[in-house]
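This report concerns only the one structure given below.
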Amino acid sequence: MHIPDGFLDAKTALATTVLSTAGLAYALREVRNELPPRRIPLLGLSAAFLFAAQMVNFPVAGGTSGHLVGAALVAALLGPSAAVVVLATVLIVQCFLFADGGILALGANVFNMGLVATLAGFGVYRVAQRLIPGTRGRVAAMAFAGWCSAVIASVSCAGQLAWSGTVPWSVALPAMAGVHMLIGVGEGLISALVLLAVSRTRPDLLESIPTGQSTRRVRSFVVLGLLASLGVALFVAPFACPWPDGLEAVAGRLGFGARAIGPSITAPLENYRVPGLSSPGVATAAAGALGTLVAFGLAVGFSRLVVRGGGPSKSSHI
Amino acid sequence: MNRAAALKVAGTIVLVLGVTLTPAAHLAWFAAEGALICTVVLVARVPLRQLLRRLALLSPFVAGAALAAAYGSHGGDWRILALRSALCLATVIVLSQTTTITELLAVFRAARVPALLLTTLALMHRYLFVLADEATRMSRARTARTFTGGRRFAWLTAASVVGQLFVRASERAERVYDAMCARGWKA
């Protein structure tokens, strides 16, 4: 999902750079305050770990192979603000030393993979983990969080490409989201298996690593999450929402005095009658919701498959 | 601060910005920018084969844009897009081939990048190859000791290699901290 240079126009590059600089600065401040000095080298080592882990290949169907992206995994292992710093570090090094992802697009890449993917992954992991207890819950939550983080980051990326006028939204969204719904399955499975392997060898790492007071972590997650959602809304809203047209039409018909509540209720109905514009949007939303439900079901089924009896059953393979 | 490195970073950003902002109709400008980048590549003696191989790969995005153009969409012309990203990529490759991480970090420090991020960047670069070697060693040891079973087994073993890599990285982080303190490091 590394956007190369030349794909984003100046306004998108500027907007994403501002957003990701703000997010990274906040995450750095939070990490400095919440992390004990002992843990500071862990950031650099985790970034190196992520880079090395991305080189381990997994066989996928038809002779192809995939690898871990790891935003959700690192967020689950280290907590939200540390994960933002780690992912940004990896992306900066990939950009400047390996020419992977553009320099002007660095802001967009840090925004998509560093902010959106980590925060979506962390949020989904924490919520889904509460639904099922024990190791099995952790594995299921990690698999689902890995999938969600890949898909949400790809939607944000599609929004930026459309905002730049490079690829029209009607092509960018289905292409990016569709491909990443498949890639996300691999990402979720790998992340869950890695989490399982860590929980079998060093379960204490899962308990202790997200250090700092939990209220502080929740606050930094909320602030960073708001920033990421604001950005996604900025990039995606002009295209994704079929309602503004309907809203305008209804407001025009009802006259200038129409209150906000009226049009917002009638607008969807209005849109159902317009076949050209609204039905693809509704169909996309329905497909997205269905895909999410299926992914969650798969994640739960997968956790039952690999974790028998809820406790550690097999020793690690190494 | 290393002035040459700062100039290189600034020059790269200016060139990339120029290529990005050039309107698609002005092909002469692209030719001029291309000629400039080619001259720099030749003067800097960037290994050509490596450069060409990297350019040939370009990215899945260019392939995706070409595919979108094949469907007859009203997006931008994908050939201009490919040209733009190839020129930018060549520029960034020249920077990455001629600048060390130490020089880059000096430039970042001068640009007031927070110290914590600089420390993290430096540590990441220091242990990047150590951990990559470790991952390769673990994978090789696993291949030497086990028969290759089905895909399921390959996934389980690769995942445990990655998991073990994380455990080792976090244990190493503790040792690194002790070593840093022993050498008088202060946060």
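Keep in mind the model is a prediction, meaning the values are calculated, not measured. Each chain gets a letter, A, B and so on, in the order its sequence line appears, and its residues count up from 1.
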A/L24 versus chain B, the contacting section by heavy-atom distance below 4.5 Å: side chain
Distance in Å, B/H125 NE2 paired with A/I92 CD1, rounded so as to fall on 0.5 Å steps: 14.0 Å
Side-chain touch B/W155/A/I190, heavy atoms, less than 4.5 angstrom: yes
Options A/V90, A/L50, A/V179, A/L196, ranked by heavy-atom pairs under 4.5 Å with chain B, top entry: A/V90
Top contributor to chain B contacts, counting heavy-atom pairs under 4.5 Å, from A/L195, A/V198, A/V86: A/V198
Contact leader toward chain A among B/L117, B/V19, B/L89, where contacts are heavy-atom pairs under 4.5 Å: B/L117
Beyond-backbone contact of B/L104 with A/L97, side-chain heavy atoms, under 4.5 angstrom: yes
Region of A/L68 that comes under 4.5 Å of a non-hydrogen atom in chain B: side chain
Distance (rounded to the nearest 0.5 Å) between B/C88 SG and A/I103 CD1: 9.5 Å
Best-contacting candidate, B/L165, B/L95, B/L123, against chain A by heavy atom pairs under 4.5 angstrom: B/L165
B/L121 side, atom CG; A/T89 side, atom OG1 - distance, nearest 0.5 Å: 5.0 Å
Residue A/A53 versus chain B: region with a heavy atom under 4.5 Å: both
A/F96-B/F108 aromatic ring centre distance below 6.0 Å: yes
For chain A, the option from B/E174, B/M180, B/Q97, B/R84 that forms the most heavy-atom pairs under 4.5 Å: B/E174
Derivation of the side-chain contact (heavy atoms from CB on, under 4.5 Å) call for A/I40 and B/Y177: CA-CA 8 Å; A/I40 284 182; B/Y177 179 75; 5.8 Å; no
Heavy-atom neighbours of A/R304 CZ exceed 12 at 6.0 Å: no
Toward chain A, the part of B/A158 with a non-hydrogen atom under 4.5 Å: both
Top contributor to chain A contacts, counting heavy-atom pairs under 4.5 Å, from B/T119, B/T99, B/L21, B/L17: B/L17
Derivation of the side-chain contact (heavy atoms from CB on, under 4.5 Å) call for A/L45 and B/S170: CA-CA 7 Å; A/L45 266 293; B/S170 49; over 6 Å; no
Closest non-hydrogen atom pair between B/R54 and A/A99, with its separation: NH2-O, 2.8 Å
OG1-CG distance between B/T12 and A/L104, expressed to the nearest 0.5 angstrom: 10.5 Å
Flag side-chain contact, heavy atom, 4.5 Å: B/S85 against A/D5: no
Among A/A172, A/P41, A/A52, residue most engaged with chain B (heavy-atom pairs, under 4.5 Å): A/P41
Aromatic plane relationship, A/F49 with B/F166 - under 30° parallel, 30 to 60° tilted, over 60° perpendicular: perpendicular
Full working for side-chain contact (heavy atoms from CB on, under 4.5 Å) between B/D178 and A/R38: CA-CA 8 Å; B/D178 293 340; A/R38 267 204 96 70; 3.2 Å; yes
Pairs of heavy atoms under 4.5 Å with chain A: top-ranked of B/V16, B/T20, B/I93: B/V16
Step-by-step side-chain contact (heavy atoms from CB on, under 4.5 Å) determination, A/F7 to B/L81: CA-CA 7 Å; A/F7 273 72; B/L81 214 58; 3.5 Å; yes
Under 4.5 Å from any heavy atom of chain A - which part of B/Q50: neither
B/A159 versus A/V194, closest heavy-atom pair with distance: O-CG2, 3.8 Å
Between OG1 on residue B/T136 and CE on residue A/M55, distance to nearest 0.5 Å: 5.5 Å
Top contributor to chain B interface from A/G6, A/A48, A/G70 [non-hydrogen pairs under 4.5 Å]: A/A48
Winner by heavy-atom pair count (cut-off under 4.5 Å) against chain A, out of B/V176, B/L128, B/L83: B/L128
A/A197 to B/G163 - nearest heavy-atom pair and separation: CB-CA, 4.2 Å
